[in-house]
Amino acid sequence: MVSEMSADVSATQFTYTLESPSCLTYEQRKFYEENGFLLVRGLVSPEKLDRFKERFAQICRKEVQTPGMTIMRDVAIAKTEFVPGEKAVTKIQDFQNDEVMFEYCCLPEIVKYVESFIGPNVMAMHTMLINKPPDAGKKTSRHPMHQDLHYFPFRPADRIVCAWTAMEPVNRQNGCLVVVPGTHKGELLPHEYPKWEGGVNKMYHGIQNYDPSQPRVHLSMEKGDTVFFHPILIHGSGMNRTDGFRKAISCHYASGDCHFIDVEDTSQNVIADEVLELVEKRIGSKSGIKFSDVWKMKSRLVKGEAHINEL
């Protein structure tokens, strides 16, 4: 992958990677600095991924209950008759309290790379297992081009990284990730729901007035391949044109030395209001909870020390 993108950056210009601790080669560091993502082949074993896949099935069958976990369905599927089991669930979020699923966040082979981007104090901030469904004909299985930092009220952005692991072969047919190299060097852009005829899944915000002519890279991956990417990198995914579900597992990590910010009067206020509205619906009253409080509840220490939740 390094040879496919530009890696023209001098050793004195490293901003997005750290000298120590680091398992990255010089070429890997240059590549991430220039492009905002790094694909590592065969990083997670099939046996470990099968363990997470079985746990996902147990959650879908309601054999286990995990506090705080969010279970989501595709908007097109939600409008049809109920489908039991895994086919009804397109994503689980916030699995940090499930001891089996949380093992993914703590995998040494993942964490050693994560430390190269954010340092030795490692916090798991946002966890997901995506079960992208076959498109129901409404193109709702797409994920609009977006930047993950839109959802996060913590900074600095350069000390945040996502690890995204394919749980089976991922390609253009079943909706692989699409990235716009180098966009991590830009700024957080305003997001909104795309005006798609078939509908958009809850909280699938996209960049306003996104220019589709920007050069994109489709990340075809095999089971166990893992891509690490910056939270300002513009990315999304296409439709799943196959008959099967496309599974991937991911965790956004932040340095334990990060800090929370107030997103009021910023472009992020729209997502903050939406999240807080859902929280209030769950608890049935006005709680006075803040957007940063929600993210504190989602987070869990993986390694080192955590100062981010001390505020």
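These numbers come from a predicted model, not from an experiment.
Note that Lys48 lies outside the cation-pi zone of Tyr104, set by a 6.0 Å cut-off to the ring centre and a 45° limit from the axis.
Ring geometry for Tyr204 versus His143: interplanar angle under 30°, hence parallel rather than tilted (30 to 60°). Using bins of under 30°, 30° to 60° and over 60° for the plane-to-plane angle, the ring pair Tyr151/His146 lands in the perpendicular bin. Taking the six-membered ring for Trp and thresholds of 30 and 60 degrees, His205 and His150 have ring planes inclined between 30 and 60 degrees apart. Classification of the Phe152-Phe154 ring pair by plane angle, with boundaries at 30° and 60°, yields parallel.
Between the side chains of Thr17 and Glu33, at least one donor N or O sits under 3.5 Å from an acceptor N or O. Side-chain N/O atoms of Asp148 and His252 include a donor and acceptor closer than 3.5 Å.
In Lys91, the NZ atom is crowded: over 12 heavy atoms of neighbouring residues, nucleotides or ligands sit closer than 6.0 Å. More than 12 heavy atoms of other residues, nucleotides or ligands lie within 6.0 Å of CG in Asp211, so this atom counts as buried by the packing criterion. Enclosure of atom CD in Glu63 by more than 12 non-hydrogen atoms of other residues, nucleotides or ligands within 6.0 angstrom is indicated.
The shortest heavy-atom contact between Asp225 and Gly42 is OD1-N, 2.7 Å. Residues Met101 and Phe56 share a closest heavy-atom pair of SD-N, 4.4 Å. Nearest approach of Glu103 to Glu99, heavy atoms of both residues: CG-O, 3.3 Å. Between Thr127 and Phe95, the shortest heavy-atom distance links the atoms OG1-N, 2.8 Å. Of all the heavy atoms in Pro231 and Ile160, the pair that sits closest is CD-O, 3.2 Å. Here the closest heavy-atom approach between residue Arg29 and residue Leu24 is recorded as CG-CB, 3.6 Å.
Side-chain contact between Val217 and Val178: absent, with no pair of heavy atoms (C-beta onward) separated by less than 4.5 Å. Side chains of Leu18 and Arg159 form a contact here, defined as non-hydrogen atoms less than 4.5 Å apart. Side-chain contact between Lys53 and Glu168 is present, with heavy atoms from C-beta onward closer than 4.5 Å. With a 4.5 Å cut-off on side-chain heavy atoms, Tyr210 and Pro144 do not count as touching. Looking at heavy atoms from C-beta onward, Met297 lies in side-chain contact with Ile289 at the 4.5 angstrom threshold. Residues Val100 and Arg51 form a side-chain contact, since some pair of their non-hydrogen atoms from C-beta on lies under 4.5 Å apart. With contacts defined as side-chain heavy-atom distances shorter than 4.5 Å, the pair Lys185/His230 does not qualify. Side-chain contact between Ile92 and Thr70: absent, with no pair of heavy atoms (C-beta onward) separated by less than 4.5 Å.
Asn97 contributes a side-chain N or O that, together with a main-chain N or O of Pro67, makes up a donor-acceptor pair within less than 3.5 Å. With hydrogens and angles disregarded, a donor-acceptor distance shorter than 3.5 Å links the side chain of Gln147 to the backbone of Leu189. The backbone N or O of Leu188 sits nowhere less than 3.5 Å from a side-chain atom of Gln268 that would complete a donor-acceptor pair. Not a single donor-acceptor pair under 3.5 Å links the side chain of Ser292 to the backbone N or O of Phe260. No donor-acceptor pair closer than 3.5 Å links the side chain of Thr226 to the backbone N or O of Val40. Side chain of Asp135 to backbone of Met239: no donor-acceptor contact under 3.5 angstrom is found. Looking only at distances, no side-chain donor or acceptor of Gln96 sits under 3.5 Å from a matching main-chain atom of His126. Using modelled atom types, one side-chain atom of Asn131 and one backbone atom of Val89 make a donor-acceptor pair closer than 3.5 Å.
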query = Could you walk me through whether His191 and Gln208 pass the side chain to side chain contact (heavy atoms under 4.5 Å, CB included) check?
reply = CA-CA 5 Å; His191 288 57; Gln208 292 182 18; 5.7 Å; no
Side chain to side chain contact (heavy atoms under 4.5 Å, CB included) between Val180 and His235, worked out = CA-CA 6 Å; Val180 183; His235 67 288; over 6 Å; no
message = With side chain to side chain contact (heavy atoms under 4.5 Å, CB included) as the criterion, how do Thr266 and Ile261 come out once you've worked through the C-alpha distance, each side chain's angles and the decisive distance to 0.1 Å?
response = CA-CA 11 Å; Thr266 74; Ile261 64 167; over 6 Å; no
request  = Any chance you could lay out the salt bridge (Lys or Arg N to Asp or Glu O under 4.0 Å) test for Lys30 and Glu27, step after step, and finish with the verdict?
outcome  = CA-CA 5 Å; Lys30 289 196 299 181; Glu27 287 299 312; 3.0 Å; yes
inquiry  = If you apply the rule salt bridge (Lys or Arg N to Asp or Glu O under 4.0 Å), what do you find for Lys298 with Asp293, and how did you get there?
reply    = CA-CA 9 Å; Lys298 290 173 179 278; Asp293 294 330; over 6 Å; no
inquiry  = Between Leu149 and Arg155, does the side chain to side chain contact (heavy atoms under 4.5 Å, CB included) criterion hold? Intermediate values first, please.
reply    = CA-CA 9 Å; Leu149 194 67; Arg155 301 292 189 276; 3.6 Å; yes
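With sequence neighbours excluded, the residues that form a side chain to side chain contact (heavy atoms under 4.5 Å, CB included) with Asn240 are Lys132, Pro134, Ser141, Asn174, Thr242, Arg246.
Atoms OG and CD1, from Ser255 and Ile308 in turn, are 8.0 Å apart once rounded to the nearest 0.5 Å. The distance from atom NZ of Lys223 to atom OG of Ser45, rounded to the nearest 0.5 Å, is 9.0 Å. Trp295 contributes atom CH2, which lies 7.0 Å from atom CG of Asp94 (distance to the nearest 0.5 angstrom). A distance of 4.0 Å separates OG1 of Thr183 from CG of Leu233, quoted to the nearest 0.5 Å. Between the CG atom of Leu39 and the CG atom of Leu43 there is a distance of 10.0 Å, given to the nearest 0.5 Å. Glu115 contributes atom CD, which lies 10.5 Å from atom OH of Tyr253 (distance to the nearest 0.5 angstrom).
Within the structure, every pair that satisfies the salt bridge (charged side-chain N to carboxylate O under 4.0 Å, His left out) test and touches residues 257-276, not counting sequence neighbours, is listed here: Lys202-Glu274.
Cluster annotation: Val270 and Ile207 are assigned to distinct hydrophobic clusters (Ile/Leu/Val/Met/Phe/Trp/Tyr, side-chain heavy-atom contacts under 4.5 Å, transitive). Under a hydrophobic-cluster definition in which Ile, Leu, Val, Met, Phe, Trp and Tyr are linked whenever side-chain heavy atoms come within less than 4.5 Å, directly or via other members, Leu301 and Val294 are assigned to the same cluster. Under a hydrophobic-cluster definition in which Ile, Leu, Val, Met, Phe, Trp and Tyr are linked whenever side-chain heavy atoms come within less than 4.5 Å, directly or via other members, Phe52 and Val64 are assigned to the same cluster.
For the ring pair (Phe, Tyr, Trp, His ring centres under 6.0 Å) with Phe117, the lone residue among Tyr16, Tyr32, Phe14 that qualifies is Tyr32.
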